[in-house]
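Presented below is the structure to which this report refers.
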Amino acid sequence: MRIRQVLARRIWDSRGRPTVEVEVVNEDGTRGLGLAPAGASRGTREAVELRDGGDRFKGLDVRRTVEGIAREIAPVLIGREVEDQAGIDAALIALDGTPNKARLGGNALIATSLAVLHAAAASAGLPLWRYLAPDRAVALPLPQIQIFGGGAHAGRRVDVQDFMVIANGAASFERALEMTAEVYRCAGELMAARGPLAGVADEGGWWPAFSRNEEALDTLVGAIEKAGLVPGSEVSIALDIAASEFGRGGRYRLALENRELDSDALCERLVRWTERYPIVSIEDPLAEDDEQGLAAFTRAVGHRVQVVGDDYLVTSADRVRHAASAGACNAVLIKPNQAGTVTETRAALQAARDAGYATIVSARSGETEDVAIVHLATGWNAGQLKVGSFARSERMAKWNEGIRIEQREGLPFAGPRALARMG
Ligand SMILES: C=C(OP(=O)(O)O)C(=O)O
Ligand SMILES: [Mg+2]
């Protein structure tokens with residue numbers, strides 16, 4: 001089906017900031033919407049998010065990015081076959097002409113690329129996940145759900161960015177959400193008992209009113225127990241340390257403790273946490289420039305804990321292959337806007353699979369009502385999904401869409417087998 005029209009517009013994300021939406025209209029009148037999310041803790045090698053001064057948004061505007069889509073991208077897409085995702089993505093990359101998508105913007109490219117994908121699925125009359133998996137040999141992903149938000153998502157109130165849970169004892173996606181909802185509610189009660197609740201962080205996790213990172217871990221274990229669930233066998237902990245946010249050059253500044261640790265000391269601290277707490281997954285334990293530290297940490301715990309690269313791998317097939325040869329990480333976070341096109345995102349996922357890495361499709365801390373991410377995680381059979389917490393609708397829209405897919409289609413649940421190096 002040929003593309004008839006491409007519309008671009010400025011919309012607003014979950015932090016109230018401008019972002020990009022693209023609408024691709026096919027000759028038969030079917031259409032697809034692509035919405036660009038936005039990260040706060042970003043890897044330096046991510047596709048560049050193009051923003052401009054504007055008059056009002058302090059350098060955060062996307063007006064010129066939107067104009068670029070209308071002026072340069074639309075003419076290249078009109079008349080092309082919408083099913084030719086690889087050809088269209090290659091044309092977008094060539095049109096941009098920079099190694100990091102800085103000219104037209106990774107935000108322009110991912111919104112366009114996703115809109116093309118949605119339009120192709122709409123023209124085929126299929127839900128997106130099904131368009132990606134015509135043989136249906138896929139499973140609903142195991143959710144990683146945030147209970148406390150910290151780091152760059154909470155004014156750096158605690159050093160660690162994401163304190164999450166994984167309902168590894170759940171037999172279905174729906175049950176995993178139910179168990180997590182209980183833990184989330186109980187965590188709120190424990191926080192309220194400690195002092196006035198201070199709201200939630202960017203992804204909906206409770207605001208981390210803690211004086212030590214370990215206090216958050218203790219409270220999380222307490223919340224799992226208060227929910228009547230067994231820490232470890234039913235619900236486990238996943239962390240995103242997001243260490244690039246507080247360390248580089250092998251030096252890590254823990255603001256909460258007013259202390260600096262070297263790479264070995266941070267590594268030892270995290271290994272100790274994995275021994276003391278029911279932790280099954282740790283993301284970005286060391287900074288993106290600390291490959292030796294990442295490899296050392298993976299050697300120490302990788303046989304029993306999932307070690308996830310986010311800032312370090314930036315959804316790049318080349319970076320994943322490089323990491324595998326360096327022995328760093330055993331899992332990769334897959335964020336479409338880090339790569340900038342659907343085709344490159346899929347290539348990173350494939351490179352991870354080839355390297356024996358587990359894969360976790362992930363949303364960003366600045367999100368929209370778009371639920372495409374759960375379709376990508378399911379249709380690509382990624383095994384795991386991370387989209388933030390409960391109690392913020394831009395997150396719940398995604399979790400709820402997973403419940404719909406599971407019930408309508410009777411698909412299996414990936415469960416804890418999806419975790420790297422478990423069991
Ligand atoms: C989702 C994350 O946050 P952000 O979108 O701010 O990078 C993350 O770091 O994994
Ligand atoms: Mg991360």
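Each ligand, and each atom within it, is numbered from 1 in the order the structure gives. Bear in mind that the values here come from a model prediction, so they are computed numbers and not experimental data.
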Non-hydrogen atoms of Ala242 versus ligand 1: any pair closer than 4.0 Å?
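Judged by the 4.0 Å heavy-atom criterion, Ala242 does not count as contacting ligand 1.
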
Heavy-atom contact under 4.0 Å between Pro37 and ligand 1?
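Judged by the 4.0 Å heavy-atom criterion, Pro37 does not count as contacting ligand 1.
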
Closest protein heavy atom (residue, atom, distance) for atom 8 (C) of ligand 1
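Looking at atom 8 (C) of ligand 1, the protein heavy atom closest to it is Lys335 NZ, 3.1 Å.
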
If we set the cut-off at 4.0 Å for heavy atoms, which region of [X] has an atom near ligand 1: side chain, backbone, both, or neither?
{"X": "Leu333", "value": "side chain"}
{"X": "Ala152", "value": "neither"}
{"X": "Asp202", "value": "neither"}

Metal environment of the Mg ion (ligand 2), protein N/O/S under 2.8 Å:
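Per the 2.8 Å query on the Mg ion (ligand 2), atoms found are Asp240 OD2, Glu283 OE2, Asp310 OD2.
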
So, regarding [X] and ligand 1 (criterion: nitrogen or oxygen to nitrogen or oxygen, under 3.5 Å), is there a contact or not?
{"X": "His153", "value": "yes"}
{"X": "Arg42", "value": "no"}
{"X": "Ser365", "value": "yes"}
{"X": "Asp240", "value": "yes"}

Answer yes or no for Arg319 and Tyr312: cation-pi contact, defined as NZ/CZ to six-membered ring centre under 6.0 Å and angle to ring axis within 45°.
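Yes, a cation-pi geometry holds between Arg319 and Tyr312.
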
